[in-house]
Amino acid sequence: MKLDVNALRYLTTDDFRVLTAVEMGMRNHQIVPVVLIERIAKLKHGGTYKVLKNLLKHKLVHHDSSKYDGFRLTYLGYDFLAIKTLVNRGVFVSVGRQIGVGKESDIFEVATEDGTIMAMKLHRLGRVSFRAVKTKRDYLRHRSSFNWLYLSRLAALKEYAFMKALGEHGFPVPNAVECNRHCIIMSLVQGYPLVQVRQLENPDVVFETIIGLVVRLAKYGLIHCDFNEFNIMVDDDEKVTMIDFPQMVSISHRNAQMYFDRDVGCVYKYFGKRLNLSFNDGEKDCDGHDSDNEGSNRPSFSNITKSEGLLDKELAASGFSHKEQDVIDKFMEENTEEMNVDDEDGNDTTLSTDLDSLPLDDLKNAINSITDEEVENDHIVKKMQMLHIYLLRERKAILIQMILYSQSA
Ligand SMILES: Nc1ncnc2c1ncn2[C@@H]1O[C@H](COP(=O)(O)OP(=O)(O)OP(=O)(O)O)[C@@H](O)[C@H]1O
């Protein structure tokens, strides 16, 4: 989806009143009837329908008449509400180029009045999880009206709270500046995601730093759960910054040890395979290792002195309720599980370097040959998600998204 902020300039106060009314109506309506929008917006001179038509033209709302006639916000509409709020608060004055695309987010540059450039992350949950649409609907039934927008807001709130807390405790994360709806404003990190770095001057130092982070997080009561080469930025001086931590869990989580070992294993695997670093613990992959091996340097979960509390305390302070935390954690956990499964043959289907050389045509053929029954099969869907994410990162997003969604429809 293209974020054309120019349209923002031409929107009137009435336009924003009506857009906000649609947002409010969506708290308890999947599709908001015009009469309700009218009642909430209370435009002085009427004309709500005309305004809605204008919003529709700019793709800020979506018209739906399948069950009854009404409107809902689009991600673009939600973007505009967040951007307008943040601009009104003086957080930034303009939106620049897109600098990143995550599996469920878009990242843009924004500029403050004094010309400082920052990063704006817009969460877009639901973008890749076409299977998730089906399963998540169940536990979100009571508020399915808000579904993806609601989940995106919770994801942003959680990420913001963590970024702030981690930054305050000296972890190398972007500086958390502001949060509104599904949007986070943070400092711009120089450098590149580790996955794009072909060579490091001091791979062993970077490796130690990263492993040190996993261990230090655990000491603070946290496990990243998705520690990998996409979530770490490295700058020209080989300084490391963690940029993404949506699914972090507490060390009291029932699968804490497994998540910890997996994070550690993935770092070992990446540095061993991709950056040719050799380790003196004799292990190179993250599958089923015994980290308590005698003579092993690999950090062991059981040997770390942990202090719980950071997670709960900081989140509570940020106004993030337990209920909200449960909803987003459940979603993230399911999503992370979907992204980290072994297929029936025991092959690791996590996003791996094996996909690096996959030609686009092969992917198209693979997608086109999927049958309906196979779509119901977990493994195929999971694999498709992996490929989709990979291609999103390769900026071939739109084409693949179209193919995938037409398959899932
Ligand atoms: N603060 C930042 N400064 C500079 N670039 C950033 C920043 N945050 C994110 N990016 C860029 O945007 C890309 C995607 O960001 P991020 O990993 O946070 O998105 P995501 O949707 O959570 O990703 P994932 O697919 O790993 O879940 C990053 O790989 C990076 O290139």
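Start at 1 and go down the list; that is how both ligands and their atoms are numbered. Note that the structure is predicted; figures quoted are calculated from it, not measured.
- Each of the atoms 17 (O), 18 (O), 20 (P), 22 (O), 23 (O), 24 (P), 26 (O), 27 (O) of ligand 1 lies under 4.0 Å from some heavy atom of Asp244.
- With sequence neighbours excluded, no residue forms a side chain to side chain donor-acceptor pair (under 3.5 Å) with His224.
- If you check the side chains of Gln190 and Asp236, you find no donor sitting under 3.5 Å from an acceptor.
- In this structure, Phe207 has its ring center under 6.0 Å from that of Phe279.
- No salt bridge links Glu229 with Arg274; every basic N to acidic carboxylate O contact stays at or beyond 4.0 Å.
- Atoms of ligand 1 found under 4.0 Å from any heavy atom of Val189 (numbered from 1 in listed order, with element): 1 (N), 2 (C), 3 (N), 4 (C).
- Residue contact check: Leu188 has heavy atoms under 4.0 Å from atoms 3 (N), 4 (C) of ligand 1.
- Below 4.0 Å from some heavy atom of Lys121 lie the following atoms of ligand 1, by number and element: 16 (P), 18 (O), 19 (O), 20 (P), 22 (O).
- The distance criterion of under 3.5 Å between nitrogen or oxygen atoms is not met by Asp226 with respect to ligand 1.
- Under 4.0 Å from ligand 1, the heavy atoms of Met186 that appear belong solely to its side chain.
- Contacts between Pro193 and ligand 1, counted as non-hydrogen atom pairs separated by less than 4.0 Å, involve the side chain only.
- The closest approach between any non-hydrogen atom of His123 and ligand 1 is not below 4.0 Å.
- Side chains of Asp226 and Asn228: a donor on one and an acceptor on the other come within 3.5 Å.
- Side chains of Asp15 and Thr12: a donor on one and an acceptor on the other come within 3.5 Å.
- No salt bridge links Asp79 with Arg181; every basic N to acidic carboxylate O contact stays at or beyond 4.0 Å.
- For ligand 1, the atoms closer than 4.0 angstrom to any heavy atom of Glu104 are 21 (O).
- If you look at Asn231 next to ligand 1, the close heavy atoms, those under 4.0 Å, all belong to the side chain.
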